[in-house]
Amino acid sequence: MKTFYVTTPIYYVNSLPHLGHLYTMIVADAVARRKRQQGIETFFLTGTDEHGIAIERAAERNHRTPKEQADYVVGYYKKMTDAFGLDTAHGGYDIFMRTTAPFHYAGVSEFWRRMAKAKTPKGREALYKGHYEGWFCAACAAYKTEDEYAPPANAEEPPTCLIHETKLDRVSYFFRLSDYDEALLGLYESRPDFVQPEARRNEVRSFVRGGLQDLSVSRVNTSVRWGIPVPGDPQHTMYVWFEALTNYITAIGFGNEQQQRAVGFEKFWPALHLVGKDILRFHAVYWPAFLMAAGVEQPRAIVAHGMWVDPDGRKMSKTLGNTIELDVLNKYFSIDAIRYFCLREMVFGQDGRFGYEALIDRANSDLASGLGNLSSRTLTMIQRYCAGRVPSGNISEEARLSAKRAGVDSDAATISSVVEHARDEVIRHFDNFAFSRALEEAWAIVAHVDKMISEAKPWGLAKDESQKQTLGAVLYRAAEALRWLCVLLYPVMPNSTSGIYQQLGLIGDPSRLDPARLKWGELAEGTQIGEVQPLFPRIDKVRTMAQIIGERGGFGVDTTEVDAAPDGGAGSSPTVREGVQLASEDDAAKNESGDGLIDITDFAKVELRVGEVLTAERIPKADKLLLITVDIGEEKPRQILAGIAQYYEPEQLIGRKIVVVANLKPRKLESQGMLLAASVGEEGKPVIATFAEDVPNGARLK
Ligand code: MSP
């Protein structure tokens, strides 16, 4: 039987994970699910990298032992992988690898011993004890020259790194990486897809061509205690990267009986390693060289993805406060919407922007209005017009003409070839890690079927008995296309595709169906469809954004968030904020006409309308904001965020007539307008403008 092994990096346990960590797991999970659909026995590894100085320090800061620190973070990982459906119980990873597991100690020690006996391709010892007298900074992973460190106060002590203000090490064992350049270049040459994507392969090649330096692979244990001792020389601990990379083989049984029995090294190795581009060098240069020395087969491939940056293109960091927290994602978004967004939005290999607003937009457009709408309209029409049973897809000779008149092709071959072609493209792109392209192709099916329905107008056909076959054919095609979409999209959205699959009345889920084997027309006529339920509810953007911002410390903390609420009251007092804004607009006006006055045409640009407050509510954690819905005479009421929660109770507002600026460009939060209020007193207390007489909603103020 064919097998497949996929890994994510193992994550440091010095801090809690965020979106960047979740992302590789989502990719690996989707890849693993696709392989399982193909009937390939798959092993999926993720886990934690628990040794080293950084963990020791984090533990100290948190008043924990390093093991307690690791257990704490692992506990969080387990909770999150459960919440995001990535753990074993949900059909996700097969092992959560921890480098503190005793079998890993055994496996790594064996790996070290093998390397210690090995000769390099140039005939020298692969591992040697260095006499290098330089000082090494673990945090910089670099040697320091005299002007880069501060000398110690007393001669017994080591000097201190000027950047990290931490004590430097003398390194002890070295791996003779410099002897592996030709062998590595030969490897990249003979296996062009060993490092992917192409651009990354070129980067790695030029790094190796530039010459390699020997690598220190151990530390004196007085400087790094929290690590695995070097076999036969316990005064030294192994360099954490050396030991961490080895997890990929110890996890499946290299050098230890326990995992060999449970998993089987020969059965699953070589692996496909998914990594972020920031750690590519470790995986594509050091790891292959270690494996060569130890005489172990090379990985199947090393595939590097880009980084998630914030909507403004800035790197995500705790200090900037722009990281995407897993708790927040989990609270406000469905697993499948997050998976879909991650795979659709990032062009694999390049950096991608992640913002909650973009996530909401995609979930609403592609999922709620796209796939979700296609599924619910198709199923509802089958329910309504075909008594809940999948109709026949055939059109008889006699019905040909009337079908043609309805704009429906009597021959199903057209749609089946469109869908088959799209299926092949989805698979091709997916297997090339071009997830975004794959999903675009899948959505071409959604668009095609939507168009077919809109043109054929089944609701019209249903009124005409002579069009019964045509109606059946349209709905059959839509339902069959949905079945295909479920199988195709299962690796990306396991929950909702399984949901649609069941609503189609099909048994089981698409987890074991290979999309390549789908045959058009296999959806059986007469299948009783299940209960129709919406799978992708629309996300209320304004409300959700307000809540998310509230989670992150409330309004008024971050200036970009203050800006986000165009009502002017978010955090800073309305006077100050509006004052500032008006002043600058004033200046602009003065510059043009010189007297500070504006033209009637300028005033006419502002669309002021009478609105009636329909609902008003507080937003959890955003204590200055009220979310109100206002009828300004349009089809739908507007949602407006107003920074007046400290001055008005929600109940006071309901039913009140107010003035709304209706054509204000939405800022970040997309509050759909701004209400007018006078700003009173020192603290700028808002007093809402209102009317003494009754005025109709939507009346314009001129
Ligand atoms: N412990 C090492 C890996 C050892 S593998 C033998 C490590 N850990 S890490 O926790 O710092 O990072 C793990 C992964 O998370 C890396 O692949 C890194 O690229 C990824 N990401 C961290 N932040 C990220 C983004 N903002 N965006 C995408 N991925 C990012 O390195």
Side-chain angles (χ1 to χ4, degrees), residues 6-28 45-55 58 69-70 73-74 76-77 80 86 95-100 104 107-108 111 138-139 141 200 217 226-228 238-252 254 271-288 290-291 299 302-326 329 338 341-343 345-355 435:
V6 62
T7 67
T8 72
I10 50 170
Y11 304 98
Y12 289 132
V13 290
N14 48 352
S15 58
L16 295 179
H18 55 75
L19 170 79
H21 305 104
L22 184 76
Y23 173 65
T24 327
M25 284 196 210
I26 291 178
V27 176
L45 170 147
T46 193
T48 40
D49 182 354
E50 304 187 5
H51 292 120
I53 193 81
I55 315 293
Q69 170 71 21
V73 175
V74 168
Y76 186 83
Y77 265 100
M80 282 300 134
L86 295 162
I95 186 170
F96 191 94
M97 178 64 190
R98 298 187 57 175
T99 54
T100 45
H104 178 66
V108 169
F111 194 69
R200 299 279 164 238
V217 286
W226 180 236
I228 301 182
M238 293 181 199
Y239 170 45
V240 66
W241 266 104
F242 173 86
E243 173 247 297
L245 287 161
T246 312
N247 96 89
Y248 298 132
I249 55 175
T250 63
I252 54 171
F254 179 90
L272 175 97
H273 297 311
L274 290 170
V275 299
K277 67 178 186 187
D278 55 330
I279 56 171
L280 180 61
R281 184 175 302 171
F282 296 94
H283 285 82
V285 181
Y286 304 167
W287 178 227
F290 296 160
L291 288 168
I302 294 129
V303 181
H305 61 74
M307 297 287 124
W308 284 106
V309 294
D310 77 4
D312 301 320
R314 297 173 306 175
K315 210 177 149 198
M316 289 185 182
S317 79
K318 297 255 183 235
T319 354
L320 281 174
N322 60 355
T323 49
I324 302 284
E325 302 302 336
L326 300 189
L329 273 182
I338 298 163
F341 182 83
C342 283
L343 294 169
E345 196 74 11
M346 188 184 264
V347 173
F348 197 85
Q350 296 172 21
D351 290 351
R353 291 175 189 226
F354 199 113
F435 305 110

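For this chain, numbers begin at 1 and follow the sequence in order. Atoms within each ligand, like the ligands themselves, are counted from 1 in listed order.
Minimum heavy-atom separation, Ser15 to Val73: O-CG1, 3.7 Å. When all heavy atoms are compared, the tightest approach of Gln69 to Asn14 is NE2-O, 3.6 Å. Taking all atoms of both residues into account, the shortest heavy-atom contact from Glu345 to Trp308 is CB-CH2, 4.1 Å.
Ligand 1 lies out of reach of Lys315, whose nearest heavy atom is not under 4.0 Å from it. Distances from ligand 1 to the non-hydrogen atoms of Tyr248 include at least one value under 4.0 Å. Residue contacts with ligand 1: Pro17 is excluded, as none of its non-hydrogen atoms falls under 4.0 Å. Look at Phe282 and you'll find every heavy atom at least 4.0 Å from all atoms of ligand 1. Using 4.0 Å as the threshold, Asp278 has a heavy atom nearer than that to some atom of ligand 1.
The N/O atoms of Trp308, backbone and side chain alike, include one that comes under 3.5 Å of an N/O atom in ligand 1. Remark: ligand 1 and Ile10 share an N or O pair separated by less than 3.5 Å (distance only, no angle test). Considering both main-chain and side-chain atoms, Tyr12 comes within under 3.5 Å of ligand 1 through a nitrogen or oxygen pair. Annotation: Gly306 places no N or O atom under 3.5 Å from an N or O atom of ligand 1; distance criterion only. Between Lys277 and ligand 1, no N or O atom pair is found at a separation short of 3.5 Å.
Of the residues listed (Val303, Thr7, Ile302), the one engaging Val275 in a side chain to side chain contact (heavy atoms under 4.5 Å, CB included) is Ile302, and it is the only one.
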Report the C-alpha distance between Tyr286 and Trp241 in whole Å, list the side-chain angles of each, state the deciding distance to 0.1 Å, and finish with yes or no for ring-ring contact (aromatic ring centres under 6.0 Å, His included). CA-CA 9 Å; Tyr286 304 167; Trp241 266 104; 8.2 Å; no
